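Structure first, then comments.
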Amino acid sequence: MTVRTICCIGAGYVGGPTMAVIADRCPQIQVTLVDLNAERIAAWNDADLGRLPVYEPGLADVVARCRGRNLHFTTEVDGAIAAADMVFLSVNTPTKRKGLGAGQASDLRWIEASARQVAAQARGHTIVVEKSTLPVRTAETIQAILSAAQQGTEGDTKSFSVLSNPEFLAEGTAISDLENPDRVLIGGDDPGSIDALAEIYSNWVNPERILRTNLWSSELSKLTANAFLAQRISSINAIGALCEATGADVKEVARAIGSDSRLGSKFLAAGPGFGGSCFRKDILNLVYLCRHYGLEPAAQYWEQVVELNSWQQQRIARLVVSRLFGTVSGKRLAVLGFAFKADTNDTRESPAISICRDLLEEGAHLAIHDPKVGVDQITSDLGQGASASGLGLADEGSWQPAASVLEAVEGADAVIVLTEWGQYAQLDWPAIAARMRRPAWLFDVRAVTDAEAARVAGLRVWLVGEG
């Protein structure tokens, strides 16, 4: 089967960049992204490419080449499904907040709703591709829904095959990850459908990097990959805390162990812990699955990865309070960075949220600067609006946005670097120090600043993992 039309349900952080790259590399295929969020679709269609709902380096250029040619964005879901040879499901699968498995299991309501909509609107044979990160054996649910719709409402025969094609991109490097993937994983039971999807990727991916598995292995591989990466982050942060206590330097330790070919050097940078839409959610999903199948020691093992991540963020907030003479009530703190990592505007599960909330609870006045995260998003994440003056009651925390680093540090007792934006590595420390209240502190939670220049300028410096 040759695929000529693709519909992707969900125009978010995975669906948008993925479909844009497919359209760019496969001009012979018409690609349509659909979403019920009219505001999001309007942003994808905005003439100003700087207003795309997803910020990724290089994404605007890809969209500019393809939009209107073979890349389309619409809220007309039914028509796009009916016209598609292949439908990607790329909707959110958040952690359940209540009911069976609350706090760990994935909420699959949008996956089920999407599958039912595909079942109702599809025509002829349709390949349905799981793109969302899903619990292992979710494909059974999708297959059951689609199988019940094999006969069309007007007598037209429908048929479906289900594939798993998890995405392994990292936010901030999504376009390069998609254009030069380590591997493309396709899981399924129908060789013809697997070949059809593999044919799309083979337009730019070396066939040797296109891996084929069964459905269940593919679904579990995505959860496992994220769990292993998150585990490395929690592990190096645990060692970083020990370095601070013993006088060792976590950067030197990371360099030493990263030189071991069995380990490698990636994901060995100490920091405030992992964030983003996937790591915490996927590990908790893995915990739930382990418990469901009676594997309690395995569940406890993976649960500890999440608990240590939360501990690291709480530890940083407590450390800031401790170094500032045991209280931050009424003190201005400059927070640099709110996104969960550099080169993205995504704040989902950002360590900055937890750390800032703890400091607000202690009565701090935060001046928050981030080059890509807006006031509305910070307001939503912190659960309180910005203060016009930045000053609340003496024992109540408040925050305000800062248009520049120098504005953020005006009168501040401390600078706290929470996101590794490149511009924070080249700060003018004499100018910053001149605007701060003394004694002034730099808490570099990412170890990205010129700490020596800050010390020379008169600041006291704490670097994560430095004893």
Side-chain angles (χ1 to χ4, degrees), residues 6-26 31-37 40-41 43-44 52-60 62-63 66 71-73 77 80 84 86-95 106-108 110-111 113-115 118 128-135 138-139 142 163-187 197 200-201 205 218-219 221-226 229-230 274-282 285 339-341 343-350:
I6 289 175
C7 169
C8 178
I9 302 177
Y13 277 88
V14 172
T18 302
M19 293 301 115
V21 169
I22 288 179
D24 192 34
R25 297 306 181 106
C26 305
V31 179
T32 302
L33 279 89
V34 298
D35 203 295
L36 295 178
N37 187 326
R40 179 180 295 167
I41 292 298
W44 280 113
L52 294 179
V54 174
Y55 173 74
E56 280 288 336
L59 175 60
V62 176
V63 172
C66 304
L71 179 62
H72 316 280
F73 303 91
V77 181
M86 180 177 287
V87 177
F88 286 81
L89 305 182
S90 188
V91 296
N92 287 336
T93 54
T95 302
S106 289
D107 186 344
L108 300 178
W110 305 118
I111 282 289
S114 297
V118 172
V128 180
V129 184
E130 298 175 335
K131 204 64 178 173
S132 305
T133 302
L134 300 169
T138 300
I142 297 173
L163 302 178
S164 170
N165 177 220
E167 199 54 72
F168 296 101
L169 59 83
E171 290 186 37
T173 58
I175 300 303
S176 61
D177 291 343
L178 289 163
E179 292 178 336
N180 301 286
D182 291 334
R183 76 292 201 195
V184 172
L185 182 60
I186 304 174
L197 182 53
I200 293 173
Y201 283 111
V205 179
S218 179
E219 289 178 333
S221 293
K222 173 62 173 177
L223 294 180
T224 303
N226 282 343
L229 293 173
F274 53 77
S277 63
C278 288
F279 280 4
R280 176 182 172 85
K281 174 177 70 73
D282 290 354
N285 202 310
F340 88 91
K341 64 182 292 189
D343 295 323
T344 179
N345 60 348
D346 194 355
T347 64
R348 287 176 292 179
E349 298 292 342
S350 174

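All of these numbers come straight from a predicted model, not from anything done at the bench. Residue numbers run from 1 in the order of the sequence given.
Scanning all heavy atoms of the two residues, the minimum distance from C7 to V34 falls at SG-CG2, 3.9 Å. Of all heavy-atom pairs spanning A23 and L71, the tightest one is CB-CB, 3.9 Å. When every heavy atom of N345 is checked against every heavy atom of Y55, the shortest pair comes out as OD1-N, 3.4 Å. Here the closest heavy-atom approach between residue K131 and residue Y201 is recorded as NZ-OH, 3.0 Å. Heavy atoms only, all atoms of each residue included: I175 and P57 are closest at CG1-O, 3.6 Å. The two atoms that bring W44 and G12 nearest to each other are CZ2-O, 4.3 Å, heavy atoms only.
Residues L89 and I111 are in side-chain contact: their nearest non-hydrogen atoms beyond the backbone lie under 4.5 Å apart. A 4.5 Å side-chain heavy-atom check between S221 and P166 finds every atom pair outside the cut-off. Side-chain contact between L178 and P17 is present, with at least one heavy-atom pair separated by less than 4.5 Å. Using a 4.5 Å heavy-atom threshold, the side chains of F88 and V128 count as separate. Residues F73 and V31 have side chains not in contact (no heavy-atom distance under 4.5 Å, counting atoms from C-beta outward). The side-chain heavy atoms of K281 and T93, taken from C-beta on, include a pair separated by under 4.5 Å. Residues F279 and L229 meet the side-chain proximity criterion, which asks for heavy atoms closer than 4.5 Å. Side-chain contact check for I6 versus I200: some heavy-atom pair is nearer than 4.5 Å.
Atoms OG and CG, from S132 and N165 in turn, are 11.5 Å apart once rounded to the nearest 0.5 Å. Atom CZ of R40 sits about 12.5 Å away from atom CG of L52, to the nearest 0.5 Å. Note that OG of S164 is 6.5 Å distant from CG of L185, once rounded to the nearest 0.5 Å. One distance of note links CG of N285 with CG of D107; it measures 11.0 Å at 0.5 Å rounding.
For E349 (side chain) and S277 (main-chain N/O), no donor-acceptor pair under 3.5 Å exists by modelled atom type. In this structure a side-chain-to-backbone donor-acceptor pair under 3.5 Å is missing from E130 to E219. At least one donor-acceptor pair closer than 3.5 Å links the side chain of S176 to the backbone N or O of T173. A donor-acceptor pair is defined here as one N or O able to donate and one able to accept, closer than 3.5 Å; no such pair exists between the side chain of T32 and the backbone of A80. One N or O on the side chain of K222 and one on the backbone of E167 form a donor-acceptor pair closer than 3.5 Å. Side-chain N or O atoms of T344 include none that pairs as donor or acceptor with a backbone N or O of G172 at under 3.5 Å. Counting only distance, with no hydrogens or angles, the side chain of D35 and the backbone of I41 share no donor-acceptor pair below 3.5 Å.
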Check: After noting the C-alpha distance and the side-chain angles of L197 and M86, does the key distance pass the side chain to side chain contact (heavy atoms under 4.5 Å, CB included) rule?
Finding: CA-CA 9 Å; L197 182 53; M86 180 177 287; 3.8 Å; yes

Next item on the list: Begin from the C-alpha positions of R183 and F168 and carry the test side chain to side chain contact (heavy atoms under 4.5 Å, CB included) through to its verdict.
Entry: CA-CA 8 Å; R183 76 292 201 195; F168 296 101; 3.2 Å; yes

Next item on the list: Could you give me the CA-CA distance, side-chain angles and deciding distance for L169 and Y13, then say whether side chain to side chain contact (heavy atoms under 4.5 Å, CB included) is met?
Entry: CA-CA 10 Å; L169 59 83; Y13 277 88; over 6 Å; no

Next item on the list: Apply side chain to side chain contact (heavy atoms under 4.5 Å, CB included) to V118 and I142, showing your working.
Entry: CA-CA 10 Å; V118 172; I142 297 173; over 6 Å; no

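With sequence neighbours excluded, the residues forming a salt bridge (charged side-chain N to carboxylate O under 4.0 Å, His left out) with D24 are R65, listed by chain and number. Applying the side-chain contact (heavy atoms from CB on, under 4.5 Å) rule to R25 yields the partners V21, E179, W204; only residues at least two apart in sequence or on another chain are considered.
Judged by the 6.0 Å and 45° rule, R280 forms no cation-pi pair with F274.
Contact check on K341 versus E171 returns no salt bridge, with no Lys/Arg side-chain nitrogen under 4.0 Å from an Asp/Glu carboxylate oxygen.
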